[in-house]
Number of protein chains: 2
Amino acid sequence: MTEQKANDNYNDITITTASDQVFVDMRREIVQGTIEQGSKISEPELAKRYGVSRATLREALNRLESCYLVERKANVGCRVVALTAERLIEVYQVRSALEGLACRLAADNMEPEEVQGLKQLLNQHLQTQRVKEGESYYQEAGDLDFHYRIIKGSKNAHLIHLLCNELYQLIRMYRVQMGMVGPRVSKAFDEHLAIINAIENHDGELAEMLMKRHISASQANIQTKFDLLAAKNQ
Amino acid sequence: MTEQKANDNYNDITITTASDQVFVDMRREIVQGTIEQGSKISEPELAKRYGVSRATLREALNRLESCYLVERKANVGCRVVALTAERLIEVYQVRSALEGLACRLAADNMEPEEVQGLKQLLNQHLQTQRVKEGESYYQEAGDLDFHYRIIKGSKNAHLIHLLCNELYQLIRMYRVQMGMVGPRVSKAFDEHLAIINAIENHDGELAEMLMKRHISASQANIQTKFDLLAAKNQ
DNA sequence: AACTCACAAATTGTCGACAATCTTAATTTA
DNA sequence: TAAATTAAGATTGTCGACAATTTGTGAGTT
């Protein structure tokens, strides 16, 4: 449970105001599905639940909208985003382009220590993985850490913000609620390793290409879940 | 002036609430520089100026933050974004990746009528350009329309939102306040034409590459302004 | 003279209440 | 019976006031 807590706030948001807290709490609940996808959000109800005024809650809703977790309509209200197969494709097309760019930049801009840290992370990740076979949670955290480090290695502040603070929440939501299936886990290790090598060799072009493939594989994995779901409901 | 008004609201936002109006108004003033870049925003002052309460103004500020025109710090306040050379590079790296993707998708997904419309726009643009030589305003509007149509031609709703509603405001701000210099204008026509041809031939790979180059050239053009400014101030 | 500390002024964050809008369900009409 | 209308209820948008925090100023100390 403490691990889970540590996993909530990847991006370095320091919580100062009440709306910060509500934002982080709601974000976790939406990503994990505690607040159901596609459900309508009642401002009075949630304000009471979090013990804040509607103004504070609305501030949090605005920020949730910025990271694509809720959608607002004027005079109508707020809905949690719905995880559709169509949206998965759209979001992953964007993710692939942006994280490919990040990876290419990282090959130029990452410090040697940062690359070393990446390698260590991968080793440590491998060990944890062996011990806790099948535990998807640790895998999710480790994989996320890997991607975040590379993104930050791009040293492009705008890109970092776009990916880490905005887009990744929705990507996590897909991953957490749709899940990752078996053979993908071990395969991802090899792909991560190849990416690190490309970065270490300052081969930006290759690093970008490998990252894009890695993301495509991840997308296909989630897509499978949708296909399974569609087959079952028919 | 009416032309200018028409140019304010590219993305199809229907203004229903008071904060919608304040958002659109402030956005225009920031992009055009009426509200100075880098300046601090006083909530009480601006609320009075627009004739709304602080709550309404803050709603608008939240949305301006979502499109990168202002930056907030908790308990400190809001600042208009500063147009630096570093940020230009960062934003254009992102723009290049995203709009390159959009252009590639457009080559697959644009309807024939849409492509025809693009061609007509370019012709019309060329005529207007000849008549009003040097009038950078019309050029800006025409160029923008061109890019918007291609982006929308991608048919990727997430990408469209990201580019048209979020990123493009900041890009416009650079273009309007830094400007575009002479030889670039006519060159852009040829580049636009080549892009349309690639799209018409459903050659996504080429279309992406041409768009990325086109954007790089645009970036270099603005970069020149910064260099000139730096040389003068030294 | 420079630095620290404390106080005052101003700014942002939060709250509860009211106004405007949408939704829903009952009622009327064709 | 089905569609259109209207009225009641609920929800969102907006406001002004208060609380918490930051910033700027000035007195005091080294």
Side-chain angles (χ1 to χ4, degrees), chain A residues 9 11-30 35-82 165, chain B residues 9 11-30 35-82 165:
Chain A
N9 194 356
N11 28 1
D12 14 52
I13 290 178
T14 44
I15 295 165
T16 36
T17 70
S19 67
D20 285 339
Q21 187 65 59
V22 175
F23 167 63
V24 173
D25 287 348
M26 282 192 72
R27 188 178 66 178
R28 181 182 59 246
E29 296 199 56
I30 290 174
I35 300 178
E36 195 176 26
Q37 58 157 302
S39 65
K40 178 146 191 339
I41 285 178
S42 160
E43 293 185 4
E45 183 192 324
L46 279 189
K48 206 170 77 179
R49 182 164 141 210
Y50 286 107
V52 295
S53 77
R54 267 184 61 222
T56 303
L57 184 97
R58 280 165 66 87
E59 174 81 24
L61 289 181
N62 275 321
R63 291 163 66 185
L64 289 170
E65 190 184 17
S66 292
C67 51
Y68 314 111
L69 295 185
V70 306
E71 291 166 344
R72 303 184 88 180
K73 273 185 201 160
N75 285 316
V76 173
C78 212
R79 279 197 171 280
V80 179
V81 71
N165 290 37
Chain B
N9 193 357
N11 27 3
D12 15 52
I13 290 177
T14 46
I15 295 165
T16 35
T17 70
S19 66
D20 284 339
Q21 188 63 59
V22 175
F23 167 63
V24 172
D25 287 347
M26 282 193 72
R27 188 178 65 177
R28 181 182 58 246
E29 296 200 55
I30 290 175
I35 300 177
E36 196 176 26
Q37 58 157 303
S39 65
K40 179 148 190 338
I41 285 178
S42 161
E43 293 185 4
E45 182 193 324
L46 279 190
K48 207 169 76 177
R49 181 165 140 208
Y50 286 107
V52 294
S53 78
R54 267 184 59 224
T56 303
L57 183 99
R58 281 165 66 87
E59 173 81 25
L61 288 181
N62 275 322
R63 292 164 63 185
L64 288 169
E65 189 184 19
S66 292
C67 52
Y68 313 113
L69 295 185
V70 305
E71 291 166 343
R72 302 183 89 180
K73 272 185 202 161
N75 285 316
V76 173
C78 212
R79 280 196 171 280
V80 179
V81 70
N165 291 35

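It should be emphasised that the depicted structure is a prediction, and the values quoted were computed from it without experimental measurement. Chain A is the first sequence line, chain B the second, and so forth, proteins listed ahead of strands; every chain is numbered from 1.
Residue B:A18 is classed as a sugar-phosphate contact, given heavy-atom separations below 4.0 Å to backbone atoms only. Counting non-hydrogen atoms under 4.0 angstrom, B:S19 reaches the backbone sugars and phosphates but no base. Within 4.0 Å of B:I41, counting heavy atoms only, lie sugar-phosphate atoms of the nucleic acid but no base atom.
Note that CD of A:E71 and CG of A:L61 are 13.0 Å apart. Values are rounded to the nearest 0.5 Å.
D:dT22 atom P lies 15 Å from atom CD of B:E43, rounded to whole Å. One interatomic measurement links the two molecules: CG of B:L61 to P of C:dT12, which rounds to 9 Å at whole-angstrom precision. In this structure, A:N75 places its CG atom 5 Å from P of C:dC22, rounding to the nearest Å. Distance A:L46 CG to C:dC15 P: 14 Å, rounded to the nearest Å. Following rounding to the nearest Å, B:D20 (CG) and C:dA20 (P) show an atom-to-atom distance of 17 Å. Following rounding to the nearest Å, A:L57 (CG) and D:dT11 (P) show an atom-to-atom distance of 14 Å. B:E59 places its CD atom 15 Å from the P atom of C:dT14, with the value rounded to the nearest Å. Distance B:F23 CZ to D:dT14 P: 14 Å, rounded to the nearest Å.
The side chain of A:S53 lies closest to C:dT14, out of D:dT12, C:dT14, D:dC15. Side-chain proximity of A:A74 to the nucleotides C:dT12, C:dC15, D:dG13 is greatest for D:dG13. Comparing C:dT12, D:dC15, D:dT11 against the side chain of B:V52 picks out D:dC15 as the nearest. Of the candidate nucleotides C:dT12, D:dC15, D:dT22, D:dT22 has the atom lying nearest to any side-chain atom of B:V76. The nucleotide whose nearest atom lies closest to any side-chain atom of B:R58 is, among D:dC15, C:dC15, C:dG13, C:dG13. Each of C:dG13, D:dG13, C:dC22 was ranked by its minimum atom distance to the side chain of B:T17; first place goes to D:dG13.
Phosphate proximity of D:dC15 to B:T56: present, with a side-chain N or O under 4.0 Å from OP1 or OP2. Between A:K48 and C:dG16 there is no side-chain polar atom (N or O) within less than 4.0 angstrom of OP1 or OP2. Contact check, B:R72 against C:dG13: a side-chain N or O comes under 4.0 Å of OP1 or OP2. For D:dT11, the OP1/OP2 oxygens have no side-chain nitrogen or oxygen of A:K73 closer than 4.0 Å.
Map A:R54 and B:S42 each onto its nearest nucleotide of DNA chain C; the residue landing nearer the 5' end is B:S42.
Between A:E59 and A:S19 the shortest heavy-atom distance is CG-OG, 3.4 Å.
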In sequence, state the C-alpha distance, the side-chain angles, and the governing distance for A:L57 and A:Y50, and then conclude on side-chain contact (heavy atoms from CB on, under 4.5 Å). CA-CA 8 Å; A:L57 184 97; A:Y50 286 107; 4.3 Å; yes
Between B:Q37 and B:V81, is the side-chain contact (heavy atoms from CB on, under 4.5 Å) condition met? List the steps. CA-CA 6 Å; B:Q37 58 157 303; B:V81 70; 5.8 Å; no
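Without hydrogens or angle criteria, B:D20 side chain to B:T17 main chain gives a donor-acceptor distance under 3.5 Å.
Around atom NZ of B:K40, more than 12 heavy atoms belonging to other residues, nucleotides or ligands sit under 6.0 Å away.
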